[in-house]
S.K.: 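Got a structure here, written out as C-alpha cells. Questions coming.
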Amino acid sequence: MVQAYLKSSQLKNYKLVIAGNDKKQIVMKNSTNIININRYIKDDEIKDLFSKAKIVVYPYLSAT
C-alpha cells in the first residue's frame with residue numbers, strides 16, 4: 001500500500017493516513033504526506049477518518 005502510494009504521481013497531492021494499532025510500526029522518512037496513527041482508534045474517530053477519506057483500504061482477511 002505504501003509503496004503504491006509513493007510511486008503514484010496522481011496521489012502526490014493527497015495525504016496517506018495509516019490508522020490502527022499495529023505491532024509493526026511503519027516509519028516513513030522524507031514523506032510529510034504520510035501520517036501514521038499507531039494506536040487503537042475509537043468509533044467516533046473512525047467515522048471522522050472515513051468521512052474525510054477519498055479511498056479506504058481494509059487490510060483484513062476477515063472482520064466481525
Side-chain angles (χ1 to χ4, degrees):
M1 174 177 53
V2 175
Q3 292 83 7
Y5 171 81
L6 292 172
K7 289 180 182 179
S8 174
S9 61
Q10 294 177 332
L11 297 175
K12 67 181 179 181
N13 294 324
Y14 296 97
K15 292 190 183 294
L16 172 64
V17 178
I18 302 169
N21 192 12
D22 188 3
K23 293 177 184 170
K24 296 178 242 168
Q25 178 120 147
I26 298 170
V27 178
M28 298 302 302
K29 296 178 181 177
N30 302 325
S31 184
T32 58
N33 282 345
I34 297 178
I35 300 167
N36 189 16
I37 306 171
N38 192 13
R39 60 176 167 74
Y40 176 79
I41 309 297
K42 295 180 182 178
D43 289 344
D44 58 334
E45 190 175 8
I46 288 173
K47 180 182 175 185
D48 185 54
L49 289 170
F50 285 166
S51 67
K52 293 178 180 176
K54 300 287 183 198
I55 300 170
V56 176
V57 177
Y58 297 101
Y60 305 105
L61 295 176
S62 65
T64 57

S.K.: Could you list the residues that satisfy ring pair (Phe, Tyr, Trp, His ring centres under 6.0 Å) with Tyr40, not counting sequence neighbours?
M.R.: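 So Tyr40 forms no ring pair (Phe, Tyr, Trp, His ring centres under 6.0 Å) with any residue.
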
S.K.: Check side chain to side chain contact (heavy atoms under 4.5 Å, CB included) between Lys47 and all other residues, then give those that pass, not counting sequence neighbours.
M.R.: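 Expected list: none.
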
S.K.: Could you tell me which non-hydrogen atom of Gly20 sits nearest to which non-hydrogen atom of Ile41, and how far apart they are?
M.R.: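 Between these two residues, the closest heavy atoms are N-CG1, 3.7 Å.
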
S.K.: Please enumerate all residues that pass side chain to side chain donor-acceptor pair (under 3.5 Å) together with Asp48, with sequence neighbours excluded.
M.R.: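 Applying side chain to side chain donor-acceptor pair (under 3.5 Å) to Asp48 gives Lys52.
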
S.K.: Got a list of side-chain donor-acceptor pairs under 3.5 Å for residues 5-13, not counting sequence neighbours?
M.R.:
residue : atom : partner : partner atom : Å
Tyr5    : OH   : Tyr14   : O            : 2.4
Ser8    : OG   : Gln10   : N            : 3.2
Ser8    : OG   : Leu11   : N            : 3.3

S.K.: What pairs of residues pass the salt bridge (Lys or Arg N to Asp or Glu O under 4.0 Å) test when at least one of them lies in residues 35-45, not counting sequence neighbours?
M.R.: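 Pairs touching residues 35-45 that pass the test: Arg39-Glu45.
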
S.K.: Does some side-chain heavy atom of Ile18 sit less than 4.5 Å from a side-chain heavy atom of Ile35?
M.R.: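 A side-chain contact is absent here, since even the closest heavy-atom pair is not under 4.5 Å.
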
S.K.: So, using side chain to side chain donor-acceptor pair (under 3.5 Å) as the criterion, who are the partners of Lys54 when residues are at least two apart?
M.R.: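 If we apply the side chain to side chain donor-acceptor pair (under 3.5 Å) test to Lys54, skipping adjacent residues, there are no hits.
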
